[in-house]
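Presented below is the structure to which this report refers.
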Protein chains: 2
Amino acid sequence: MVKAQSDELAEDFKKLFYHALTTEQSYQWLRSLCKDVGPRMAGSPGDRKAVEWSVALMKKLGFDTVYTLPVDVRHWERGRESAIVRLGGKKIQLNVTALGGSVSTGKRPLRAEVVEVRDFDHLKELGERVHGKIVFYNYRMRKDYISTGAGYGDAVKYRWSGAVEASKYGAVAVLIRSVTTRADDYTHTGVMTYEGAEVKIPAGALSYLAADQLEQILRQHQNVLMDLTLESFDRGRTTSYNVIGEMYGTERPNEVLIAGGHLDSWDPGEGAHDDGAGVVHSIAAAAYLRQLGIPTRHTVRVVLFANEEFGLDGAKQYAEWVKNNDTKTIRLAVESDGGGLSPRGFTLDAPDSIVQKVRSYREFFYPYGMYEMGKGGSGADVNQLKSTGAVLAGLRVDGHRYFDLHHTSRDVFEEVNPRELEMGSAAMAAFLLLFDQLIF
Amino acid sequence: MVKAQSDELAEDFKKLFYHALTTEQSYQWLRSLCKDVGPRMAGSPGDRKAVEWSVALMKKLGFDTVYTLPVDVRHWERGRESAIVRLGGKKIQLNVTALGGSVSTGKRPLRAEVVEVRDFDHLKELGERVHGKIVFYNYRMRKDYISTGAGYGDAVKYRWSGAVEASKYGAVAVLIRSVTTRADDYTHTGVMTYEGAEVKIPAGALSYLAADQLEQILRQHQNVLMDLTLESFDRGRTTSYNVIGEMYGTERPNEVLIAGGHLDSWDPGEGAHDDGAGVVHSIAAAAYLRQLGIPTRHTVRVVLFANEEFGLDGAKQYAEWVKNNDTKTIRLAVESDGGGLSPRGFTLDAPDSIVQKVRSYREFFYPYGMYEMGKGGSGADVNQLKSTGAVLAGLRVDGHRYFDLHHTSRDVFEEVNPRELEMGSAAMAAFLLLFDQLIF
């Protein structure tokens with residue numbers, strides 16, 4: 001690297017962080033996305049509003065082009081939810097929420113005995129003894145992983161395929177312990193599957209404290225009956241949109257650096273951290289560079305993916321579009337989908353030679369508290385672009401708080417710290433700039 | 001370093017973090033300190049309760065010795081507070097709090113015209129024109145410092161000596177803009193001085209939004225009058241205590257590694273981050289090592305300093321005690337006073353040779369997200385031990401959120417994340433162990 005080039009990059013990094021922290025534009029955009037748009041589950045009115053909102057914002061910010069690509073998505077809606085344990089004459093209400101995609105119990109509760117299982121092995125052991133019963137997966141997300149993402153990865157299998165496994169033995173419904181380490185009364189929803197199931201049974205998540213309470217009840221009583229209502233509505237397929245904005249490059253406008261996040265969110269909160277933060281991080285990455293008059297040689301493309309939460313429809317269909325219709329070549333795609341928390345660095349899904357090259361510049365990020373720069377995963381959405389051969393990457397943030405909020409009614413704007421959010425926006429811009437100037 | 005030694009240390013680190021994250025004892029202790037004891041301003045009933053609480057806790061945890069050392073402290077109390085702008089017939093109420101140590105306006109409000117100054121230079125320029133008026137230091141804590149501590153250091157001079165400077169020109173009171181970058185309605189108190197002042201005038205802090213509002217009013221109106229009530233009571237000198245617990249070393253029991261924080265807190269909140277976190281970090285550092293059966297060659301001494309907030313009385317008198325009475329030699333003193341936030345590493349106030357040696361082991365901390373290990377400050381309390389020649393050090397945590405809460409009613413237990421807090425406890429223990437095993 002030429003010294004002058006390196007000095008210039010360091011100077012541009014400084015400008016980006018200064019600009020982010022002093023103008024706090026991402027924070028204002030996020031406030032609007034959370035408060036003016038609100039929750040935006042794929043196919044819902046909020047989702048349509050979010051598409052319009054992001055098109056309008058990027059146009060206002062002077063993107064060289066803004067366009068949408070239709071995405072066929074599934075539209076599922078939550079109805080009434082309740083879990084009541086009947087103990088003699090007493091009724092004990094437990095906080096519960098339906099998992100995304102769950103079939104409905106209907107309006108009237110399903111009444112059955114609850115049986116606790118520790119894990120899939122235990123389920124297998126019990127076998128037909130769960131027939132006609134509600135299976136309660138009392139699996140705790142492990143606290144000892146330093147990376148909360150790893151703990152999530154370990155525990156989420158009961159959410160994802162708990163219904164399929166229990167239905168094999170004739171269970172009539174499943175409940176999981178919310179996937180979180182935080183002992184509170186929030187319920188954590190999230191997507192589930194019926195793939196491989198002959199019978200579809202309703203599936204819900206109890207809050208951590210409700211799961212504790214149920215565990216206690218089951219220790220002390222036999223044949224515990226529950227009235228479980230998990231109402232839901234399958235609205236079939238509908239159309240949503242990937243929203244794309246581009247700032248054209250000066251030298252290689254047909255080579256593209258993507259910054260992306262997903263526009264949809266779960267319904268109970270505002271999708272502030274998941275993934276409103278990624279949406280504004282990505283928009284800011286392009287907008288801040290332009291506002292500062294820092295030209296990029298390559299085109300910067302912001303991609304706001306439709307329906308990540310409910311099966312990655314947006315990302316999958318975007319990858320198809322790229323293969324068949326994109327006139328440009330994608331060189332890099334970096335995703336932000338870990339929340340608007342304090343950034344720690346980036347992980348790269350790329351050949352070793354690229355990882356080594358990027359690592360050689362990692363000290364540029366040290367003044368901003370970002371020390372992690374190595375091989376690793378990217379993100380669920382940009383990972384769909386793997387066959388393009390582009391470098392894939394993911395913003396890594398401090399995740400200790402993330403699963404307190406994830407997929408709950410607590411994932412709201414007020415839980416976002418402006419400095420932490422803006423550090424992420426500047427980090428995304430800086431990362432793009434590094435690739436634009438020195439890697440490609 | 002022998003390979004076996006290094007493997008053992010890495011294994012012990014793993015055990016410490018596992019133990020902290022899974023048992024969450026620090027978090028439970030902090031809940032008790034915040035909820036059973038509460039605010040604990042030096043000399044107050046809460047302060048006395050905190051001394052008893054910490055003695056009892058360390059005894060319960062099996063410390064080899066627990067003792068207290070009397071500290072002469074100043075006891076100041078807050079009374080009624082209000083700031084009302086009178087605009088024609090309208091009264092506009094602004095959120096205000098007295099700075100610690102401020103003289104009282106008395107029960108009846110002080111009425112005077114408000115004059116805004118940007119900074120000390122501007123004050124000098126205005127000179128006698130502030131005579132008889134309330135000086136409003138409208139200095140914003142800078143947002144562009146990546147380290148919020150640096151931004152605090154820059155802005156806090158108006159809190160500390162604003163009254164002294166303004167009184168030189170005959171001002172009758174001063175108000176500062178709360179020292180925070182967060183645009184909300186919390187007031188941030190903190191200590192101030194009258195050193196060098198001929199006349200002592202009352203001093204308070206407006207919330208960020210109240211300061212914005214006053215700024216607007218002063219743009220639009222001339223001769224703005226305010227009724228300012230900052231009632232306070234100087235209760236004179238009283239006795240508090242430094243609380244000390246020791247776990248004796250196996251090989252060099254007369255050489256001491258100190259972990260410390262301060263036991264006192266400001267009155268509006270619960271002192272959860274400032275510095276309840278440091279209290280439980282320090283206790284945990286010793287207790288977790290003992291619980292895991294990891295012996296230390298040196299004695300681990302926990303020091304909970306009295307009255308940090310109101311002039312470092314505890315630390316100063318402790319340093320005197322060490323000089324005159326301590327039968328042991330202090331080798332290391334590490335402080336936690338940055339809050340129970342996600343740890344980033346440690347800074348060292350030590351000779352280069354020691355810093356280099358510690359840095360050579362820094363990769364032991366990488367798996368836990370701590371990359372910062374270099375020369376820097378330690379902490380206000382342990383810094384008083386400088387003349388002992390001990391290595392001084394400070395735990396560094398992610399500070400982006402810290403000044404949202406600092407010295408406000410929002411500094412409560414609910415604002416602490418258990419994982420972030422426990423990571424800090426394990427980090428403190430690991431740092432002591434590194435020195436115990438490989439540095440000394």
Side-chain angles (χ1 to χ4, degrees), chain A residues 13-24 27-28 31 140-148 151 180-184 340-345 362-363 365-374 396-405 414-424 426, chain B residues 13-24 27-28 31 140-148 151 180-184 340-345 362-363 365-374 396-405 414-424 426:
Chain A
F13 273 32
K14 215 184 259 184
K15 281 184 202 164
L16 282 166
F17 282 90
Y18 179 92
H19 188 66
L21 288 171
T22 56
T23 69
E24 290 186 354
Y27 189 62
Q28 304 309 331
R31 184 201 308 270
R140 283 176 159 75
M141 178 171 158
R142 284 174 57 174
K143 294 182 173 181
D144 57 323
Y145 286 105
I146 302 301
S147 154
T148 52
T180 181
T181 58
R182 193 73 190 259
D184 63 22
L341 300 156
S342 194
R344 294 298 197 127
R362 67 185 184 278
E363 292 192 15
F365 291 93
Y366 287 2
Y368 310 102
M370 287 184 286
Y371 292 86
E372 294 172 21
M373 191 70 75
R396 295 298 148 218
V397 302
D398 194 304
H400 288 301
R401 289 172 182 258
Y402 189 60
F403 291 97
D404 294 3
L405 314 162
E414 289 74 7
E415 291 287 345
V416 178
N417 177 281
R419 292 184 61 86
E420 293 182 357
L421 182 74
E422 293 292 347
M423 289 293 292
Chain B
F13 273 32
K14 215 185 260 184
K15 281 185 202 162
L16 283 166
F17 282 90
Y18 179 93
H19 188 66
L21 288 171
T22 56
T23 69
E24 289 185 355
Y27 189 62
Q28 304 309 330
R31 184 202 308 271
R140 283 176 159 76
M141 178 171 157
R142 284 174 57 173
K143 293 182 174 181
D144 58 321
Y145 286 105
I146 302 302
S147 154
T148 52
T180 181
T181 58
R182 193 72 188 259
D184 63 23
L341 299 156
S342 194
R344 294 298 198 127
R362 67 187 185 277
E363 293 192 16
F365 292 92
Y366 288 1
Y368 310 102
M370 285 184 287
Y371 293 86
E372 294 172 21
M373 191 69 75
R396 295 298 150 218
V397 302
D398 194 306
H400 288 300
R401 290 173 181 256
Y402 188 58
F403 291 97
D404 294 3
L405 313 163
E414 289 75 7
E415 291 288 344
V416 177
N417 177 281
R419 292 184 62 85
E420 292 182 357
L421 181 74
E422 293 292 348
M423 290 293 293

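A quick note: this is a predicted structure, and the numbers were derived from the prediction, not measured. Chain naming here is simple, since letters A, B, ... match the order of the sequence lines and numbering starts at 1 in each.
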message: Nearest 0.5 angstrom please: Asp398(A) CG to Glu420(B) CD, how far?
response: 5.5 Å
- line: In terms of heavy-atom contacts, Ser342(A) and His400(B) come closest through OG-CD2, 3.5 Å
statement: Applying a strict 4.5 Å limit to non-hydrogen atoms, the region of Tyr27(B) in contact with chain A is side chain
- line: Minimal heavy-atom distance between Glu372(B) and Gly369(A), with the atoms involved, is OE2-CA, 4.4 Å
Separation between NZ of Lys15(A) and CG of Asp144(B), rounded to the nearest 0.5 Å: 15.0 Å
field: Per-residue contact mode, Leu421(A) against chain B (heavy atom under 4.5 angstrom)
entry: neither
task: Considering only heavy atoms and a distance below 4.5 Å, find which of Leu21(B), Thr22(B), Thr181(B) pairs most often with chain A.
output: Leu21(B)
message: Within the structure provided, determine whether Lys143(A) and Thr23(B) are in side-chain contact (heavy-atom separation under 4.5 Å).
response: no
statement: Cut-off 4.5 Å, heavy atoms of chain A, and the answer for Tyr368(B) is both
field: Glu24(B), part contacting chain A, at a heavy-atom distance under 4.5 Å
entry: side chain
message: Out of Lys14(A), Glu422(A), Arg182(A), return the one with the most heavy atom pairs under 4.5 angstrom to chain B.
response: Arg182(A)
- line: Applying a strict 4.5 Å limit to non-hydrogen atoms, the region of Tyr145(B) in contact with chain A is backbone
query: Taking atom OH of Tyr18(B) as the centre, does the number of heavy atoms from other residues, nucleotides or ligands within less than 6.0 Å exceed 12?
result: no
